[in-house]
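Lettering of chains follows the sequences in order, A, B, ..., and the numbering in each one begins at 1.
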Amino acid sequence: MDDREHLRDLLGRMLLIRRFEERCVELYSAARIRGFVHLYIGEEAVAVGVNAALGPDDAVVATYREHGHALAKGLTPESVMAEMFGKVTGCSRGRGGSMHLFDAERRFYGGNAVVGAGLPLAAGLALADKMRGEERITCCFFGDGAFAEGEFHETANLAALWGLPLLLVCENNLYAMGTSLSHEHAQTDLAMRAASYGMAAWAVDGMDVSAVETAARRAVSAIRAGDGPHFLEARTYRFRAHSMYDPDRYREKEEVEWWKTRDPIPALAARLQRMGSPADADTVELEEQVARQVDAAVRAAEEAPEEPVADLLRFVTTPPEVKA
Amino acid sequence: MDDREHLRDLLGRMLLIRRFEERCVELYSAARIRGFVHLYIGEEAVAVGVNAALGPDDAVVATYREHGHALAKGLTPESVMAEMFGKVTGCSRGRGGSMHLFDAERRFYGGNAVVGAGLPLAAGLALADKMRGEERITCCFFGDGAFAEGEFHETANLAALWGLPLLLVCENNLYAMGTSLSHEHAQTDLAMRAASYGMAAWAVDGMDVSAVETAARRAVSAIRAGDGPHFLEARTYRFRAHSMYDPDRYREKEEVEWWKTRDPIPALAARLQRMGSPADADTVELEEQVARQVDAAVRAAEEAPEEPVADLLRFVTTPPEVKA
Amino acid sequence: MTGRKPARSATKPARGQPEDGPEPVRTTYREAMREAMREAMRRDDRVFLMGEDVAAYGGCFGVSLGLVEEFGAERVRDTPLSESAFVGAGIGAAIAGMRPIVEIMTVNFSLLAMDQILNTAAAIQHMSGGQVRVPLVIRTTTGAGRQLGAQHSHSLETWFAHIPGLRVVAPATVDDARGMLAGALDCPDPVVVFEHTGLYGLQGTVGDAPDAADIDTARVRRRGSDVSLVTYGGCLPRTLAAADTLADEGISAEVLDLRTLRPLDFSAVAASVSRTHHAVVVEEAWRSGGLAAEVAARIMESSFYELDAPVARVCAAEVPIPYAHQLEQAAIPQAADVVAAARQAVD
Amino acid sequence: MTGRKPARSATKPARGQPEDGPEPVRTTYREAMREAMREAMRRDDRVFLMGEDVAAYGGCFGVSLGLVEEFGAERVRDTPLSESAFVGAGIGAAIAGMRPIVEIMTVNFSLLAMDQILNTAAAIQHMSGGQVRVPLVIRTTTGAGRQLGAQHSHSLETWFAHIPGLRVVAPATVDDARGMLAGALDCPDPVVVFEHTGLYGLQGTVGDAPDAADIDTARVRRRGSDVSLVTYGGCLPRTLAAADTLADEGISAEVLDLRTLRPLDFSAVAASVSRTHHAVVVEEAWRSGGLAAEVAARIMESSFYELDAPVARVCAAEVPIPYAHQLEQAAIPQAADVVAAARQAVD
Ligand SMILES: Cc1ncc(C[n+]2csc(CCOP(=O)(O)OP(=O)(O)O)c2C)c(N)n1
Ligand SMILES: Cc1ncc(C[n+]2csc(CCOP(=O)(O)OP(=O)(O)O)c2C)c(N)n1
Ligand SMILES: [Mg+2]
Ligand SMILES: [Mg+2]
């Protein structure tokens with residue numbers, strides 16, 4: 001897990017997310033991408049570290065801030081970028097947009113824009129696996145803000161009660177939009193609170209991809225062994241505003257700057273460097289590779305066709321020829 | 001608090017609830033009372049003990065199993081019985097029935113038949129008092145089943161976060177309808193879980209009215225002193241079925257019988273006895289007094305008029321002549 | 001609760017039994033629904049039932065009584081009081097290939113799960129560009145008439161019928177209680193089944209081994225030529241009773257049972273109205289913004305020039321349903337109200 | 001976000017300013033709503049605002065920007081993500097004598113609080129036999145058109161308008177944004193205020209110190225004689241644009257803004273239809289079971305013999321609103337759709 005190749009791979013994944021989203025910002029300014037867009041920049045170690053511990057058959061449910069989770073789960077930059085453009089080649093055929101990325105084949109079940117609402121869904125995916133004796137697990141990402149929703153409480157209890165194969169990853173980035181953790185919660189030790197539901201729970205440094213991966217592997221193998229749901233609090237931070245609309249008035253510049261010193265990408269690059277040259281070469285190569293991927297994704301998205309308006313009513317219900 | 005007069009008073013209050021409800025059972029069989037009726041028999045020490053710690057200005061929010069809370073808060077047996085009959089003299093003019101007893105003057109805010117739904121309401125009553133610097137507090141009763149609802153979680157956090165003057169009394173009678181505590185919750189230590197929200201929480205023997213009163217007084221004075229919400233888990237048991245419809249298939253007879261040996265009413269009567277004669281006389285006298293009260297309530301309810309059908313649409317919205 | 005009393009139902013099995021077919025079985029709506037679940041679970045091991053008190057208690061209205069004994073606590077699964085979580089869990093399990101039947105005790109409590117129902121179950125197929133389907137069945141009770149007060153007596157079928165992505169059905173006969181659940185389980189999309197609590201004791205007959213009933217079409221429950229009485233669910237018996245009374249007065253009323261509330265089988269409504277030229281829509285929901293408004297508006301759109309009078313609506317009074325018997329009965333549609341509206345329409 | 005651009009709005013202040021009255025002030029819908037809150041909080045210390053991100057963030061659409069600086073964090077109160085709890089807390093605080101304004105970011109998330117809204121806020125006055133009143137104002141946004149996808153683009157006004165015990169308003173002009181909130185705060189019952197996100201940038205004028213606007217009546221926004229275009233909220237500008245186009249074609253359209261969706265000021269609708277004999281109802285909600293159905297049904301009931309054609313509806317397509325621009329625009333009513341429907345109606 002700590003070998004050079006693996007770490008280099010993780011670095012590449014984090015870089016892809018970072019550069020992909022930076023490009024999204026430009027495209028948003030150019031009005032090629034619309035709607036609400038929530039950037040994951042700064043939090044890449046969480047999605048990448050956790051996904052490194054998941055297998056391809058494991059399911060993921062994420063939030064509206066899910067470009068990172070989607071890419072880490074293996075969705076192609078092409079399909080995600082096309083989705084942001086609203087094109088028919090998008091991973092949701094342009095019907096979802098940034099907040100509703102889907103890929104059923106890769107068991108990526110969204111892309112959910114109602115805070116906390118992915119949790120019950122994830123419990124259901126896990127329940128199906130448990131009832132059929134499948135080995136696979138389900139992982140649900142959600143925020144510190146979502147922890148305050150009733151849906152979190154109900155799902156945590158249900159999952160613990162039924163011993164569901166569910167990994168709950170709380171991305172504690174200290175804010176829910178403009179509301180800071182201590183204005184959201186009386187008791188801010190979220191892992192401790194999760195443990196009170198009767199499940200294993202611990203916190204991890206969400207700015208250290210290896211730490212996240214290690215924690216996630218420990219949880220995942222316990223879940224696969226039948227130990228029931230686990231809760232991981234990843235302590236992280238978003239470097240950008242909540243969404244493209246957010247003027248970010250509620251955070252101190254110093255706080256943001258301090259967290260940027262903990263950026264997981266240069267940290268991992270430096271670690272690779274310490275592990276032996278030619279690490280700079282690694283980074284350069286990865287950057288080039290990622291830039292090519294993102295360029296190609298943008299180009300493909302630009303060129304892709306739109307869903308014709310005549311097809312508006314498709315995918316609301318299943319056509320009669322398809323049976324359950 | 002332990003003096004004879006006070007205990008005798010508590011005994012009288014518990015007896016009133018017991019005999020009142022026993023009469024309700026008869027009246028239900030005679031189809032004088034309809035709808036859902038949930039008996040509090042066995043749990044009287046909780047409502048009576050907690051209300052003994054509340055002042056007349058404090059607000060109470062209760063459940064659909066609230067005859068006891070209503071009577072303990074000082075609603076007259078007449079107004080409650082008339083309500084069960086659906087008469088216009090009922091405490092809700094016959095519009096509420098057993099599950100929706102109200103008395104705004106006595107600050108009894110229902111009678112809520114959606115499990116858990118009284119909690120946010122109670123938080124709001126407490127919020128108003130806190131914002132205006134009132135000394136009064138709000139007490140909300142709810143069940144072990146309600147603890148699993150999202151509304152509990154959201155309210156507990158909100159109350160703790162805002163330091164609301166709110167007493168949360170969880171009546172843990174080990175069942176939510178036919179579902180036993182261990183089928184409702186992975187972690188069944190409810191007080192411990194409540195504490196995880198960042199509020200003071202403890203459990204008390206709900207079959208001992210003095211123990212309940214003592215615990216409630218401690219909580220109430222802390223709340224009045226500005227220490228924020230407190231959580232009391234009252235460990236209790238309902239002697240009867242969930243409702244008049246319930247065949248009670250899910251509990252062992254032995255379990256029910258064992259709990260009946262812990263009946264709070266004979267226990268208190270025996271204690272009074274030990275404190276000195278003539279305790280039997282007390283009981284006889286209280287029984288007579290309660291019987292008179294219940295008889296009078298039934299008689300008055302029988303004789304009371306019904307709300308005329310022409311008034312059906314009253315009390316939906318406020319008539320224009322009344323301004324906010 | 002489940003005893004068999006002599007028949008008093010006015011409804012007949014809608015599909016004729018062939019002479020040499022299986023013996024028709026007398027049963028109740030409650031038992032028919034239970035048998036439908038039993039059969040579904042025997043037939044398909046992806047089917048399971050979950051909800052509050054469906055197992056140890058036997059279902060709050062006794063519908064699932066005995067099922068846990070046959071299928072075990074995994075497949076007849078008591079849930080905590082967590083409507084959002086267990087409805088959402090049903091959605092997730094359906095997506096992952098199971099065929100869950102989720103019971104919400106009453107539609108009043110469905111509000112606690114409304115986010116999952118509208119924002120996830122109904123929307124996810126579209127949001128995912130057709131990749132994700134939710135073959136989930138939600139069963140819930142509806143309706144007033146048992147003095148349960150405002151928080152247990154809503155009729156919110158109309159809200160569900162407003163939601164693209166859902167299918168909504170309201171079996172109103174014993175036969176449909178038996179057949180429509182199977183139809184719902186065959187549907188690849190989320191189906192909400194409304195069971196009016198007043199119908200559980202209804203008696204009727206079903207075939208020995210009934211097939212899945214279609215969940216697409218409305219059905220004429222009584223033929224008539226003067227006025228179309230359009231209704232569904234718990235109002236069907238009252239509407240049939242009204243038709244009896246009207247017949248005594250020489251007014252021939254056709255009674256149309258919508259059966260499926262989304263999508264509406266509107267061609268059946270239009271066909272009936274084109275025969276009778278008068279229509280009364282009957283439902284237990286509050287009048288403003290109820291489903292009756294939709295039916296009335298569509299009749300106007302399709303049959304304006306065939307109508308001899310405006311479409312009338314008989315709905316609940318706009319009041320949270322009160323407890324007192326006389327007030328509750330005054331709040332909800334009665335056969336006499338239907339009679340009066342029909343009389344006025346054909347006048 | 002709050003800059004003042006030159007006017008482009010077609011709406012005019014509905015109440016004429018007397019010649020010697022205060023200078024009319026140019027402002028936006030967003031600012032008008034903010035000023036209305038500011039005034040209410042200055043005037044009455046029982047008024048406070050609570051909701052997600054209303055304080056430090058300034059409101060997710062910038063409506064409450066600056067208010068926390070003036071009134072402090074007690075009266076402009078950020079809440080955790082707990083829709084049920086903070087809506088319920090608003091209900092309780094209202095009962096206890098405060099005048100809370102609760103903001104739910106969008107109506108989509110109101111589903112998480114629907115139990116509190118229907119089962120408590122709307123029902124408690126009745127259930128308590130008139131003892132308990134809930135003078136609560138809930139502000140929420142509604143509507144599509146900004147490519148926010150299915151979970152941020154619902155128009156559920158019609159659900160709320162179905163609920164006895166609530167009052168529902170939809171200010172569609174800058175003037176009403178300013179005035180109707182004060183009207184809502186004067187109301188002793190719960191009022192839900194729908195703000196279409198597409199209106200926030202709308203420019204217009206308000207009086208210097210506007211009074212509370214009534215929250216009872218519909219208002220004619222444009223006089224006409226051939227067809228009544230009945231609408232509300234975010235569809236008003238599009239409907240006025242349609243009326244312009246129709247005028248060019250020689251069709252004189254009257255535009256009626258419902259303003260209050262419950263209770264409907266139906267006499268205003270009937271009066272307009274009795275002048276024009278044709279009606280088109282325009283709204284952004286899904287067609288089946290939308291409020292347009294109610295309006296159409298009531299027009300039929302009241303004015304059947306005065307109608308020269310069936311009432312037409314222009315509504316959203318029955319699809320969870322898609323993200324892609326061309327699909328989203330195709331899903332929601334456009335001025336051209338209104339024009340086409342009106343043309344057909346008068347044909
Ligand atoms: C139920 C609901 N309420 C409010 C919103 C608006 N909203 C979107 S994201 C967000 C903050 C969520 O914070 P958190 O869970 O910490 O996730 P983060 O955005 O920090 O990743 C809010 C309030 C929403 N989408 N859903
Ligand atoms: C939201 C909701 N779900 C389900 C019900 C049906 N129901 C009524 S009481 C009850 C059990 C509640 O148990 P608990 O909270 O422990 O209270 P208890 O009845 O034991 O006093 C249930 C499931 C309801 N009234 N409300
Ligand atoms: Mg966060
Ligand atoms: Mg209990």
Colleague: Does CD belonging to B/Glu105 count more than 12 external heavy atoms closer than 6.0 Å?
Modeller: no
Colleague: Looking at D/Gly97, D/Pro100, D/Ser128, D/Ala93, which makes the most heavy-atom pairs under 4.5 Å with chain B?
Modeller: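 Max contact count across the listed options: D/Ser128.
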Colleague: Tell me which of these, D/Ile91, D/Asp45, D/Asp115, D/Val132, has more heavy-atom pairs under 4.5 Å with chain B than the rest.
Modeller: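 Ranked by contacts with chain B, first place is D/Asp115.
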Colleague: Taking B/Glu151 for its side chain and D/Ser84 for its backbone only, find out whether a donor-acceptor pair lies under 3.5 Å.
Modeller: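 Flag not set: sc B/Glu151 to bb D/Ser84 has no pair under 3.5 Å.
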Colleague: May I ask you to name which of B/Lys130, B/Glu134, B/Arg132 has the most heavy-atom pairs under 4.5 Å with chain D?
Modeller: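 Of B/Lys130, B/Glu134, B/Arg132, B/Arg132 has the most heavy-atom pairs under 4.5 Å with chain D.
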Colleague: Heavy-atom pairs under 4.5 Å with chain D are the metric here; pick the option from B/Gly118, B/Ala117, B/Ala159, B/Pro120 that has the most.
Modeller: B/Pro120
Colleague: In Å and rounded to the nearest 0.5 Å, what is the CG to CG distance from B/Leu121 to D/Asn119?
Modeller: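 Separation between the atoms: 12.5 Å.
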Colleague: Give a yes or no answer on whether the side chain of D/Gln131 reaches the backbone of B/Cys91 with a donor-acceptor pair at less than 3.5 Å.
Modeller: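 Yes.
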Colleague: Do D/Ile124 and B/Phe102 have side-chain heavy atoms sitting under 4.5 Å apart?
Modeller: yes
Colleague: What part of B/Leu101 is in contact with chain D, defined as an atom under 4.5 angstrom from a non-hydrogen atom: side chain, backbone, both or neither?
Modeller: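 When you check distances to chain D, no heavy atom of B/Leu101 falls under 4.5 Å.
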Colleague: Between D/Ala96 and B/Arg107, what is the shortest heavy-atom contact and its length?
Modeller: CB-NH2, 4.4 Å
Colleague: Does the side chain of D/Arg46 come within less than 4.5 Å of B/Met131's, by heavy atoms?
Modeller: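 The answer is no, as the side chains (C-beta and beyond) never meet within the 4.5 Å cut-off.
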Colleague: Just to verify, which of B/His100, B/Arg314, B/Arg95 counts as forming a side chain to side chain contact (heavy atoms under 4.5 Å, CB included) with D/His126?
Modeller: B/Arg95
Colleague: Show the numbers, then the answer: is there a side chain to side chain contact (heavy atoms under 4.5 Å, CB included) between D/Thr79 and B/Trp162?
Modeller: CA-CA 10 Å; D/Thr79 65; B/Trp162 291 352; 3.8 Å; yes
Colleague: Kindly compute the distance separating CE (B/Met99) from CE (D/Met127), expressed to the nearest 0.5 Å.
Modeller: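 Result: 9.5 Å between the selected atoms.
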Colleague: Check whether any side-chain heavy atom of B/Leu161 lies under 4.5 Å from a side-chain heavy atom of D/Pro80, and answer yes or no.
Modeller: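 Result yes, sub-4.5 Å side-chain heavy-atom pair found.
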Colleague: Among D/Gly129, D/Pro190, D/Pro263, D/Gly88, which has the most heavy-atom pairs under 4.5 Å with chain B?
Modeller: D/Gly129
Colleague: Counting only heavy atoms from other residues, nucleotides and ligands, does the tally under 6.0 Å from CD of B/Glu135 exceed 12?
Modeller: no
Colleague: Strictly by modelled atom types, are B/Thr318 and D/Arg133 linked by a side-chain donor-acceptor pair under 3.5 Å?
Modeller: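 On atom types as modelled, these side chains qualify, holding a pair under 3.5 Å.
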Colleague: Can you say whether B/Asp129 sits under 4.5 Å from chain D via the side chain, the backbone, both, or neither, judging by heavy atoms?
Modeller: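 Neither the backbone nor the side chain of B/Asp129 comes within 4.5 Å of chain D.
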Colleague: If I measure from the heavy atoms of chain D, does B/Leu166 come under 4.5 Å with its side chain, its backbone, both, or neither?
Modeller: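 The answer is neither part of B/Leu166.
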Colleague: For the atom pair CZ (D/Arg262) and OG1 (B/Thr317), what is the distance rounded to the nearest 0.5 Å?
Modeller: 8.5 Å
Colleague: Chain D heavy atoms under 4.5 Å from B/Leu127: which part of the residue, side chain, backbone, both or neither?
Modeller: side chain
Colleague: Give the member of D/Glu74, D/Arg167, D/Gln116 that has the highest number of heavy-atom pairs under 4.5 Å with chain B.
Modeller: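 Most pairs with chain B among the choices: D/Gln116.
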Colleague: Relative to chain B, which segment of D/Arg77 carries a heavy atom at a distance below 4.5 Å: side chain, backbone, both, or neither?
Modeller: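 Only the side chain of D/Arg77 comes within 4.5 Å of chain B.
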Colleague: At a heavy-atom separation under 4.5 Å, does B/Val316 approach chain D through its side chain, its backbone, both, or neither?
Modeller: both
Colleague: Is it the side chain or the backbone of D/Thr120 that comes within 4.5 Å of chain B heavy atoms, both, or neither?
Modeller: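 The answer is the side chain of D/Thr120.
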